[in-house]
Amino acid sequence: MTYDVPVAPGERAELEESVEGGAEGWPMWEVFVRARRGISHVHIGSLHAPDARTALQNARDVYTRRGEGISVWVVPSTEIHAFEPEAAAAYVEANEKVYRLATTYDIPDEVGQM
Amino acid sequence: MSDQILSGAPQGTPVVDLDPPLRTLLSHADDNMVLAQRLGEWISRAPELEIDIALGNIALDHLGVARSLYTHAGELEGAERTENDFAMRRTEREFLNLLLVEQPNGDFAQTIVRQVFFDVYQGVLWGDLAGSEDETLAGIAARAGKETAYHHEFSTSWLVRLGDGTEESHFRSQRAVDALWRFTAELAAPYPDNWRAAIDDLLARAGLMAPEDPYQRSGGREGYHTEHLGFLLAEMQWMDRTYPGMEW
Amino acid sequence: MTPEENFQAIVDDESKIEPTDWMPEGYRKTLVRQIAQHAHSEIIGMQPEGNWITRAPTLHRKAILMAKVQDEAGHGLYLYSAAETLGVRRDDLQELLHQGKHKYSSIFNYPTLSWADMGTIGWLVDGAAITNQVMLTRCSYGPYARAMVRICKEESFHQRQGYELLIKLCQGGPEQKAMAQDALDRWWWPSLMMFGPNDSDSDHSEQSMAWKIKRVSNDDLRQQFVDMTVPQAAYLGLTIPDPELRWNPERGHHDFGEIDWEEFWRVVKGNGPMSRERIEHKTRAWEEGRWVREAASAHAAKGAGRAA
């Protein structure tokens, strides 16, 4: 496979992933793009930038190639909050509260669309 | 700027005698061509991946404008010269670009300062030319104006980051301003007050100063260049001159 | 189900593993290395092609080449982003590249000596990359697969423009055709080497297949590439530099000669013709740009300080 560069006989595979004393680089930003009117923003990738203005400029260059009419949001990656995987159990409760779902109510046809 | 020491074109016959409209088109085309060539040298050498992509995009924009202007110049001239005839087969003395754009990239600060000076100038230029009676030129100017706005945002925001960043970036930025200042009178000649006011404001925001040195050099618009253009053209034109008349 | 069983069930089901899922440490480490090396390959790959931007023979070709190399930078960026979802930092990955601890596709250790190399790289190198990349869109790791989908969309123009460049040369003057043949002579075997060692010599293949990181074997990919490329060379009127290359009707595939495995391993170990230059170029750009990155960070910190 092209990118799984093989380990030569006599070499050990380098599994090191971080570098000691590495300087703090530019922080990471998540990029959201709304490609055209009528649809929502979609997460499209990430990039590194020192500040929000650079992040926006970079996102425009990298992810939209400066297409017109496209809306770009950037958010510091540290500002994305998510449930921990184990807390997926928290979602189960919502499924039990069936009275919230419109489909469980029978509305007579004569009343019209609801 | 009134007490400038101006070193300009020597006396003598110009190499090329062109009609003013053609001369204008080629001047702006050459500006963008030479700068595109310089920015292309940054590809794979930029300080960060995102910057590499941005500089490459800016280079492509300048190249696109150059190509449109060369093509239109060919149509206007009516001698069937193509964009490649203009870019690859004219000599140094026939190129009409500003001296500023042929200056080497230097470090990133020098590239940014060169870009800021040029973007402020082109910002005014395209606004002017968008009202041209030449409809094709007006169309090119309208598109180029939008692109220059992007470039301007990039270059001016970097000028501020570098001027007001670290001691080293401040030192390099000031050095770049000092080194390139002598090419700005030629650049700003059509809009001296406009250009100077905008630049003074930007320099102040970046914590930088315009040098007091009155020395200015010009001559690019008459085909009298610095020693840099010869080398740039030698590289750019080599393939076409080595394999004349072939299609690629 | 144990987490391990749950993980393998997702993989077997052709579903995607996402960043917050449990995954075996070996899976994660293999992916970090592979995605990072893929990203490094895109970035280093900018150099051999970037070499001809200032010398492109026409403005049209210059524009195409600039756009192609910018695409590669963008691809590197998407891939580093995918790698970072696995808990590593891009700067660290680059440092590992600079130190020679991470590798990149060996093909980029060969020099681009003529304009025809631009066409040949597009045709052969991007052609080989595409056979690999389509497979990777089906990789089990979500962020990597998604990056590959985006990359594949942009990649198809690269191969076409390379081949079209060669058509022009082969239909041009004798000097141009000779230039194209010379380029093919130099790039053919390195392109075959892109697919790695024979499967029988490949240590980690089985595990990568089980994890659906690798979807097709090295030998199968290489065969696919040869079969696809032979008629393309014939159309150009160029001769592939392999006297043993011939169609085998029983197999339904082309037979081809043996790769020079000594050269292969020599280049993998870092002694390719341009290996040193590629890393020096990359490292120098990084070192010389340090003050720029620091200035931007310092300025941002000042802004944050003022706002506070």
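Naming: A, B, ... by sequence-line order, numbering from 1 per chain.
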* Interchain contact, C:Lys62 with chain B, by part (heavy-atom threshold 4.5 Å) -> both
* Structure fact -> Ranking C:Gln171, C:Gln176, C:Glu164 by heavy-atom pairs under 4.5 Å to chain B gives rank one to C:Gln176
* **Test item: C:Gln70 side-chain N/O and B:Ile53 main-chain N/O as donor-acceptor pair under 3.5 Å** => yes
* To do: Under the side-chain contact (heavy atoms from CB on, under 4.5 Å) rule, what do C:His299 and B:Thr166 come out as? Steps first, then yes or no, please.
  => CA-CA 8 Å; C:His299 181 75; B:Thr166 59; over 6 Å; no
* Does C:Arg293 use its side chain to pair, donor to acceptor, with the backbone of B:Pro47 at less than 3.5 Å? -> yes
* **Per-residue contact mode, C:Ile167 against chain B (heavy atom under 4.5 angstrom)** => neither
* **chain B contact via C:Met179 - side chain, backbone, both or neither, heavy atoms under 4.5 Å** => side chain
* Asked: Once you round to the nearest 0.5 Å, how far does CE of C:Met66 lie from CG of B:Asn57?
  -> 10.5 Å
* Asked: Does atom CZ of B:Arg241 have more than 12 heavy-atom neighbours, drawn from other residues, nucleotides or ligands, at distances under 6.0 Å?
  -> yes
* Relative to chain C, which of B:Leu63, B:Ile112, B:Leu49, B:Ile43 shows the most heavy atom pairs under 4.5 Å? -> B:Leu49
* Structure fact -> Honestly, the part of C:Gln94 sitting under 4.5 Å from a heavy atom of chain B is side chain
* Go through the atoms of B:Ala46 and report whether side chain, backbone, both or neither lie under 4.5 Å from a heavy atom of chain C. => backbone
* C:Val292 side chain reached by B:Ile51 side chain, heavy atoms, under 4.5 Å -> yes
* Among the listed options B:Glu235, B:Glu168, B:Gln237, the residue most often paired with chain C at heavy-atom distances under 4.5 Å -> B:Glu235
* To do: Go through the steps to decide whether C:Glu288 and B:Arg172 satisfy the test salt bridge (Lys or Arg N to Asp or Glu O under 4.0 Å), and finish with yes or no.
  => CA-CA 13 Å; C:Glu288 287 179 0; B:Arg172 286 174 182 264; over 6 Å; no
* Asked: Between B:Gly165 and C:Lys302, what is the shortest heavy-atom contact and its length?
  -> O-NZ, 3.1 Å
* Engaged part of C:Ala67 at the chain B interface, taking heavy atoms whose separation is under 4.5 Å -> both
* Hey, does C:Lys168 have a side-chain heavy atom less than 4.5 Å from the side chain of B:Trp248? -> no
* Answer yes or no: is there an ion pair linking B:Glu48 with C:Arg290, defined by an N-O contact shorter than 4.0 Å? => no
* Structure fact -> dist B:Tyr243:OH -> C:Glu175:CD (nearest 0.5 Å) comes out at 6.0 Å
* To do: Under 4.5 Å, counting heavy-atom pairs only, tell me which of C:Gly76, C:Gly173, C:Ala285 racks up the most with chain B.
  => C:Ala285
* Structure fact -> Taken to the nearest 0.5 Å, the spacing of B:Asp240 CG from C:Arg55 CZ works out to 14.5 Å
* Given the options C:Lys282, C:Arg284, C:His60, which has more heavy-atom pairs under 4.5 Å with chain B than any of the others? -> C:His60
* **Reported CH2-to-CH2 distance for the pair B:Trp238 and C:Trp115, which is rounded to 0.5 angstrom** => 12.0 Å
* Heavy-atom contact with chain B under 4.5 Å, split by part of C:Arg90 -> side chain
* Asked: If you count heavy-atom pairs under 4.5 Å between each of B:Met88, B:Met33, B:Arg161 and chain C, which one has the most?
  -> B:Arg161
* Any side-chain heavy atom of C:Ile53 sitting closer than 4.5 Å to one from B:Gln37? -> no
* Salt bridge flag under 4.0 Å for residues C:Arg61 and B:Glu247 -> no
* Asked: Just by distance, do the side chain of C:His281 and the backbone of B:Arg45 share a donor-acceptor pair under 3.5 Å?
  -> no
* Asked: Considering only heavy atoms, which portion of C:Leu59 lies under 4.5 Å from any heavy atom of chain B: side chain, backbone, both, or neither?
  -> both
* To do: Apply side-chain contact (heavy atoms from CB on, under 4.5 Å) to B:Met236 and C:Thr54, showing your working.
  => CA-CA 6 Å; B:Met236 188 171 93; C:Thr54 52; over 6 Å; no
